[in-house]
Amino acid sequence: MQNLSCKHCGNRVLVEKYSPTHTSIQWLSDAETACPEFAQQAALGVHSNYIPTCSALRDSIEQAAHEGIVETDAPRSYPVPGRLM
């Protein structure tokens, strides 16, 4: 996973993309306090488990992928269960 900062709020996450449609995000801090979009939803009583995405972070990831900062076709670098190396 690659370290990436949101261009809107500066929140740092770990991200990986194995294809243009696949994106995995690992939050490095509590999403409801680190992300303005999540904080706004939390203030309305929505738990972060039910917030599908942050549009600003998604846009930052897509821009980074478009610029080649985040690789989208990189092979997985760890063993996959059931697959011989």
Side-chain angles (χ1 to χ4, degrees):
M1 297 189 97
Q2 294 179 250
N3 194 346
L4 185 74
S5 294
C6 176
K7 292 189 181 284
H8 175 71
C9 71
N11 179 41
R12 288 183 328 109
V13 297
L14 296 177
V15 63
E16 64 187 2
K17 288 184 72 62
Y18 293 126
S19 72
T21 57
H22 170 272
T23 303
S24 290
I25 298 169
Q26 175 71 46
W27 290 84
L28 298 175
S29 56
D30 179 58
E32 291 179 10
T33 56
C35 172
E37 285 191 40
F38 273 61
Q40 181 181 24
Q41 292 294 315
L44 297 172
V46 180
H47 190 278
S48 62
N49 288 347
Y50 301 107
I51 303 170
T53 189
C54 167
S55 60
L57 179 59
R58 184 186 60 229
D59 291 346
S60 295
I61 293 168
E62 293 303 318
Q63 182 179 355
H66 179 73
E67 294 172 358
I69 296 167
V70 172
E71 296 179 28
T72 57
D73 297 322
R76 295 176 188 221
S77 59
Y78 52 88
V80 177
R83 183 174 168 198
L84 297 175
M85 299 303 280

Could you walk me through whether Q41 and E37 satisfy the side-chain hydrogen bond (donor to acceptor under 3.5 Å, both in side chains) test, starting with their C-alpha distance in whole Å, then the side-chain angles of each, then the deciding distance to 0.1 Å, before giving a yes or no? CA-CA 6 Å; Q41 292 294 315; E37 285 191 40; over 6 Å; no

Closest approach of P36 and A34, non-hydrogen atoms and distance? CD-O, 3.8 Å

Decide yes or no on side chain to side chain contact (heavy atoms under 4.5 Å, CB included) for N11 and F38, but give the supporting numbers first. CA-CA 12 Å; N11 179 41; F38 273 61; over 6 Å; no

Would K17 and E62 pass as an ion pair if we require N to O under 4.0 Å? yes

Just wondering, do H8 and S60 contact through their side chains at under 4.5 Å, heavy atoms? no

Tell me the closest heavy-atom pair linking Q2 and V70, and the distance in Å. OE1-CA, 3.5 Å

Go through the steps to decide whether M1 and V15 satisfy the test side chain to side chain contact (heavy atoms under 4.5 Å, CB included), and finish with yes or no. CA-CA 5 Å; M1 297 189 97; V15 63; 5.7 Å; no

Distance check, rounded to the nearest 0.5 Å: I61 atom CD1 versus C6 atom SG? 8.5 Å

Within a strict 4.5 Å, meaning less than it, do heavy atoms of the L14 and I25 side chains meet? no

What one should report as the nearest heavy-atom pair of L4 and A64 is CD1-CB, 3.9 Å

Do the side chains of E32 and H47 get nearer than 4.5 Å, heavy atoms only? yes

Counting C-beta onward and ignoring hydrogens, is there a side-chain heavy-atom pair between W27 and C35 closer than 4.5 Å? yes

Would you call the rings of Y18 and H22 parallel, tilted or perpendicular, taking 30° and 60° as the class edges? parallel

